[in-house]
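One structure is given below, encoded as C-alpha cells.
Per chain, numbering begins at 1; letters A, B, ... match sequence-line order. What you see is a predicted model; the values in this text were computed from it and never measured.
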Protein chains: 2
Amino acid sequence: MTTDGQSTNESAVQGALSKLKAVGGRVTSARIAVLSVLEASSGHLSADAIATAVQVLQPAVHRATVYRTLESLVEVGVVSHTHLGHGAAVYHLIAEEHIHSQCQRCGRIVDLDAGLLAAAGRVLLSEHGFVLDPSHSALLGTCAACAATATVTAT
Amino acid sequence: MTTDGQSTNESAVQGALSKLKAVGGRVTSARIAVLSVLEASSGHLSADAIATAVQVLQPAVHRATVYRTLESLVEVGVVSHTHLGHGAAVYHLIAEEHIHSQCQRCGRIVDLDAGLLAAAGRVLLSEHGFVLDPSHSALLGTCAACAATATVTAT
DNA sequence: TTCTATGCAAACGATTTGCAGGGAG
DNA sequence: CTCCCTGCAAATCGTTTGCATAGAA
C-alpha cells in the first residue's frame, strides 16, 4: 500500500523534475502542472483527462503539450502508461508497480497486485527470454458485478 | 498453401458461415473473402491488413465493410480480436485459445500457451470475482533478441 | 419481396508533427 | 545567447457511422 499520506507530498513532483533536469530537460509550468495533476489523482487518468485537469491550473497549456510532456516523463521514467482495451491509455506516477484490469462491460479499472503476473513473467523469461512489463497492458475481462447482471440467458 | 484448399480446409470458413446463418446473417462474397484471408493466415492480422488482403480477392470490398464483417464475426464467436499495446487490434479465427505477447521494441507477436494466465485468472476470479479473458489483451514486454541489444547505453 | 449487408464519404477520437516564437539555464 | 519547450493547427492513424442501394434468402 505505502500510501505515503503527506510526508513525501511534493517529493514525487520534485523528484520527477530532478530526473528531468538530469537528462537536460527543463522545468516549465506546463510540466509542473502535469506532474501536479498526476500526483493529485489516485491514478488512471487518460492523456485527455490530464489535459483537461491541467487547463484548470494552466489555461494556456495546449493538449499537444500534455502529450509531449507525458511522453517525456515516461521516457525519464517517472510516469508509466497502460494501454486499456479499447479507449485511451492511462497514465500515473510510478509508485509501486501494479497491474490493471479492466471490465469490458462497464469499463471499470481495478488495480491488482504486481505479483499476480510474477509466475507468468518467470515462465516467459525462462521459456521465451521475454521480459514481461506487467503494468504496460491491462488484463481484460468481466468484473463481478457485470458478470452477475449479464450472461444469465446467453443466446 | 494459398491455393484455395478444398476438402476439410474450408471447414473453418464453412463453419463460420453456418453460425452466421444461424443468427440470421447472410453469406456474402465480402464475408467469404474475410474468412478466407483469416483462414489462410496463420494469425495476427490487423483489420487494415485484412482489408488489404481482401482487396486482392474482392477488389470491390470496402475497408468499412471489413470492419463491419469482423465485428459481426466476433459477435458470432468465430473470430477473436486482441488489443496490442500501441497499434491496431489483431484478428484471427478462433481455434485454440492462446495468449499474445508483443515486444515493445520490434513489435513481434508471440503466441503463448493459454495456461500461462490460468493461475492469475483463478486468483482474479476468487479474489475479485473478475472473469479474465486471457486472449483479449496482449502481454507487453521485450523479446529476447531486443533485450540483448537494449542494454547498451543504459544509465 | 423483405430485410440485411455494402459502398462511399465524411465524421470521429486519440495522438502526432512542422513550424515559429518564448522561456529556461 | 542558445537550445529546449510550447502553442497552434493541420495531419495521421484506426475505426465508426449515416444513407441510399445492391443483393441474399
Side-chain angles (χ1 to χ4, degrees), chain A residues 14 16-35 44-55 57-76 79 81-91 102 107 137-138, chain B residues 14 16-35 44-55 57-76 78-79 81-91 102 104 107 137-138:
Chain A
Q14 294 304 327
L17 295 177
S18 299
K19 287 196 181 182
L20 208 45
K21 280 196 277 191
V23 197
R26 284 166 188 182
V27 177
T28 66
S29 51
R31 293 180 166 189
I32 293 175
V34 168
L35 284 170
H44 313 141
L45 290 180
S46 67
D48 197 72
I50 294 172
T52 302
V54 166
Q55 306 283 329
L57 303 177
Q58 299 287 333
V61 174
H62 194 273
R63 219 176 222 73
T65 298
V66 172
Y67 276 95
R68 280 192 275 227
T69 296
L70 287 171
E71 189 185 7
S72 305
L73 294 175
V74 168
E75 215 167 294
V76 174
V79 164
H81 68 293
T82 301
H83 299 284
L84 299 182
H86 219 51
V90 290
Y91 295 77
Q102 184 185 37
S137 69
Chain B
Q14 293 304 327
L17 295 177
S18 298
K19 287 197 180 181
L20 209 46
K21 279 196 278 191
V23 197
R26 285 168 188 181
V27 177
T28 67
S29 50
R31 294 181 166 187
I32 293 175
V34 169
L35 284 170
H44 315 141
L45 289 181
S46 67
D48 198 72
I50 294 171
T52 301
V54 166
Q55 305 282 329
L57 303 177
Q58 299 288 332
V61 173
H62 194 272
R63 217 176 226 72
T65 298
V66 172
Y67 276 94
R68 281 192 276 227
T69 296
L70 287 171
E71 188 184 8
S72 304
L73 294 176
V74 168
E75 215 167 296
V76 173
V78 295
V79 164
H81 68 295
T82 301
H83 300 285
L84 299 182
H86 223 51
V90 290
Y91 295 77
Q102 184 185 38
Q104 295 289 278
S137 69

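Along DNA chain C, the nucleotide nearest to His86(B) and the one nearest to Ala30(B) differ in position, and the one closer to the 5' end is contacted by Ala30(B). Between His62(A) and Ala89(B), the residue whose closest nucleotide on DNA chain D is further toward the 5' end is His62(A).
Scanning both residues, Val66(B) and Ala47(B), for their nearest heavy atoms gives CG1-O, 3.9 Å. The two residues His83(A) and Ala89(A) come nearest to each other via the heavy atoms ND1-CB, 4.0 Å.
Thr69(B) comes within contact range of the sugar-phosphate backbone alone, with a heavy-atom separation under 4.0 Å but no base atom that close.
For the atom pair CD (Glu71(A)) and CG (Leu73(A)), the distance works out to 10.0 Å, reported to the nearest 0.5 Å.
Judged as a side chain to side chain donor-acceptor pair (under 3.5 Å), and not counting sequence neighbours, Gln58(A) has no contacts. Applying the side chain to side chain donor-acceptor pair (under 3.5 Å) criterion to Ser137(B), with sequence neighbours excluded, gives no partner residue. Annotation: side-chain contact (heavy atoms from CB on, under 4.5 Å) contacts of Ala88(B) (sequence neighbours excluded): Ser46(B). Here His44(A) pairs with His100(A) under the ring pair (Phe, Tyr, Trp, His ring centres under 6.0 Å) rule; sequence neighbours left out. Under the rule for a ring pair (Phe, Tyr, Trp, His ring centres under 6.0 Å), His62(A) has no partner lying at least two apart in sequence or in another chain.
Contact of the Tyr67(A) side chain with the Arg63(A) side chain is registered, since non-hydrogen atoms from C-beta on lie closer than 4.5 Å.
Contact annotation: Tyr67(A) side-chain N/O to dT16(C) OP1/OP2 distance is not under 4.0 Å.
Note that the first and last nucleotides of DNA chain D, 5' to 3', having any atom under 4.0 angstrom from a heavy atom of chain A are dC3(D) to dA9(D).
Axis orientation changes by 30° from one end of the helix from dT1(C)-dA25(D) to dG25(C)-dC1(D) to the other, with each end axis drawn from 5 pairs and the value rounded to 10°.
For the pair Gln55(B) CD and dG7(C) C1', the interatomic distance rounds to 12 Å; values are reported in whole Å. For the pair Leu73(B) CG and dA5(C) P, the interatomic distance rounds to 11 Å; values are reported in whole Å.
Legend: salt bridge (charged side-chain N to carboxylate O under 4.0 Å, His left out) pairs involving residues 82-91 of chain A, not counting sequence neighbours: none detected.
Using cut-offs of 30° and 60° for the angle between ring planes, the Tyr91(A) and His81(A) rings count as parallel.
When each of Thr65(B), Ile50(B), Val79(B) is paired with Val34(B), the side-chain contact (heavy atoms from CB on, under 4.5 Å) condition holds for Ile50(B) and for no other.
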Give the table of side-chain donor-acceptor pairs shorter than 3.5 Å for residues 16-33 of chain A, with sequence neighbours excluded, one pair per line with atom names and distance.
unit_1	atom_1	unit_2	atom_2	d
Ser18(A)	OG	Gln14(A)	O	2.9
Thr28(A)	OG1	Arg31(A)	N	3.3
Arg31(A)	NH1	Arg26(A)	O	3.2

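Of the residues in residues 16-28 of chain B, Gly25(B), Arg26(B), Thr28(B) come within less than 4.0 Å of DNA chain C through at least one heavy atom, sorted by number.
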N/O-N/O pairs, protein side and nucleotides 17-19 of chain C side, under 3.5 Å:
unit_1	atom_1	unit_2	atom_2	d
dG18(C)	O6	Arg68(A)	NH1	3.3

